[in-house]
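These notes concern the structure reproduced below.
Chain A is the first sequence line, chain B the second, and so forth, proteins listed ahead of strands; every chain is numbered from 1. As a basis for the values below, the full set of heavy atoms in this structure was taken, side chains included, without hydrogen atoms, waters or symmetry mates.
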There are 2 protein chains.
Amino acid sequence: MLSNSSKYAIKGVLYLALNSNADHKILVRDIYETVHVPEAYLAKLLQELSRHDIISSTRGPKGGFYLSENDRQHTLMEIVKVIDGEKRVNSCVMGIRNCNMDNPCVLHKLIGSNKSKFIKVLENTTILDLIEGKEDVEEFFPF
Amino acid sequence: MLSNSSKYAIKGVLYLALNSNADHKILVRDIYETVHVPEAYLAKLLQELSRHDIISSTRGPKGGFYLSENDRQHTLMEIVKVIDGEKRVNSCVMGIRNCNMDNPCVLHKLIGSNKSKFIKVLENTTILDLIEGKEDVEEFFPF
DNA sequence: AGATTAAAAGACATTTTTATCCTTTTTATG
DNA sequence: CATAAAAAGGATAAAAATGTCTTTTAATCT
Ligand code: FES
Ligand code: FES
């Protein structure tokens, strides 16, 4: 349903949400161990997100990645779509085509409804939603 | 969550459930088009399931794949486990490790419960459950 | 028994996903 | 303006998933 890359990306963004802001940018070098993602690979993912304006970054000395206040309003789905593309999340449990509510497959009644909920969560949950009131950073990054 | 291979396998088994029995075995050649799965690839998957006694097969003339009465009692999860292995279905949305209910990640509250339901459906639904009362074969195999 | 048929098994090919490395560009700052 | 720090980009590699093809084994029929 979600690729490893998407999970990695979400973890990276979550770390930024917890630890960065426009005045305190962060290097990939300082993230990757905590979130358990290979350094260069995480860099690639964050760059991709930055290019799509999901997160922010600046180059040069004192540069790094960070989340602006605005960035925190992005949903998990936006991250997933950038990394995995639209198709992956929407694909029907039975076919390879998109899940079609009008012409549901046999499994849709059993499983599709859960899947729809899953998708709705991704669509409705913002970065901010996830971190608010949370201080214990460790719980965010299980291995 | 489910690999294409697992989806393919489920579709193949479903076709067998609808069209075969111990006295009427079926060739992969006669399944793959309806089910929209490459012939050789489907053969491989069914062989794997047969080896694990999820479905039945006999070689030689008049041979083919089929479902015994007993085979129909197998659950979707058993199919998925043979094809994808245990890890894939259980993996945590955040980590790569298994979803751990005792030490849930931040997303578990939001998503994990849906996932658990999804898994329960796979575990509790047998082949027989899926086909009983269903005559319209086409609805089983969306593209 | 021998020929034929059909699945099992395994070798091979392609594609996608995941991961690393190295160079180039940008930019803050001394 | 030179330098150093950092993201961005490109090229490549390794691994896993997906898909195809050929050979082997075994059942059945004549
Ligand atoms: S149509 Fe198959 S899961 Fe929705
Ligand atoms: S612990 Fe992460 S989804 Fe359950």
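Inter-residue side-chain proximity for A:Leu2 and A:Phe118 is flagged as met; some heavy-atom pair is nearer than 4.5 Å. With a 4.5 Å cut-off on side-chain heavy atoms, A:Thr125 and A:Thr75 do not count as touching.
Distance CG (B:Leu42) to C1' (C:dA8): 14 Å, rounded to an integer number of Å. At whole-Å resolution of the value, CG in A:Asn4 and P in D:dA14 are 20 Å apart. Distance CG (B:Leu46) to C1' (D:dG19): 15 Å, rounded to an integer number of Å. Between B:Tyr41 atom OH and C:dT16 atom C1' the separation is 12 Å, expressed in whole Å. Residue A:Lys87 contributes atom NZ, which lies 13 Å from atom C1' of C:dT15 at whole-angstrom precision. Between the P atom of D:dA17 and the NZ atom of B:Lys7 lies a distance of 15 Å, rounded to the nearest Å. Here C:dT20 presents its C1' atom at 13 Å from OH of A:Tyr8, a figure rounded to the nearest Å. At whole-Å resolution of the value, CD in A:Glu39 and C1' in D:dA7 are 12 Å apart.
Among the nucleotides C:dA7, D:dA7, D:dT18, the one closest to any side-chain atom of B:Ser5 is D:dT18. Picking from D:dG19, D:dT18, D:dA27 the nucleotide with the shortest atom distance to the side chain of B:Pro61 gives D:dA27. Listed nucleotides: C:dT18, C:dA7, D:dT18. Nearest to the side chain of A:Ser3: C:dT18. Checking C:dA6, C:dA9, D:dA17 against every side-chain atom of B:Leu27, the shortest atom distance belongs to C:dA6. Counting only heavy atoms from C-beta on, A:Ala40 has its side chain closest to C:dT20 among C:dT20, D:dG19, C:dA8. Counting only heavy atoms from C-beta on, A:Lys62 has its side chain closest to C:dT29 among C:dA9, C:dT29, C:dT20. Comparing C:dA19, D:dT18, C:dA8 by their closest approach to the side chain of B:Phe65 singles out C:dA8. Among D:dA6, D:dT18, D:dA26, the nucleotide with an atom closest to any side-chain atom of B:Arg59 is D:dA26. Of the listed nucleotides (C:dA9, C:dA7, D:dG19), D:dG19 has the atom at the smallest distance from the side chain of B:Pro38.
Across all strands, A:Gly60 comes closer than 4.0 Å to base atoms (heavy-atom distances). Counting non-hydrogen atoms under 4.0 angstrom, A:Ile26 reaches the backbone sugars and phosphates but no base.
A donor N or O paired with an acceptor N or O is found under 3.5 Å between the base of D:dA8 and the side-chain atoms of A:Gln47.
Remark: B:Arg51 is in phosphate contact with C:dA9, judged by side-chain N or O atoms under 4.0 Å from OP1 or OP2. A sub-4.0 Å separation between OP1 or OP2 of C:dA8 and a side-chain N or O of B:Ser57 is present. OP1 or OP2 of D:dA7 has not a single side-chain nitrogen or oxygen of A:Ser50 nearer than 4.0 Å.
Taking the nucleotide of DNA chain D with the nearest heavy atom to each of B:Lys44 and B:Lys25, the more 5' of the two is matched to B:Lys44.
Nearest approach of A:Leu67 to A:Ser20, heavy atoms of both residues: N-OG, 3.2 Å. Closest heavy-atom contact between A:His36 and A:Tyr8: O-CE2, 4.3 Å.
With B:Leu49 as the fixed residue, the side chain to side chain contact (heavy atoms under 4.5 Å, CB included) test singles out one of B:Ile54, B:Ile10, B:Leu16, B:Asp71: B:Ile54.
Between B:Glu123 and B:Lys120 there is no salt bridge, since no side-chain N of the basic residue sits under 4.0 Å from a carboxylate O of the acidic one.
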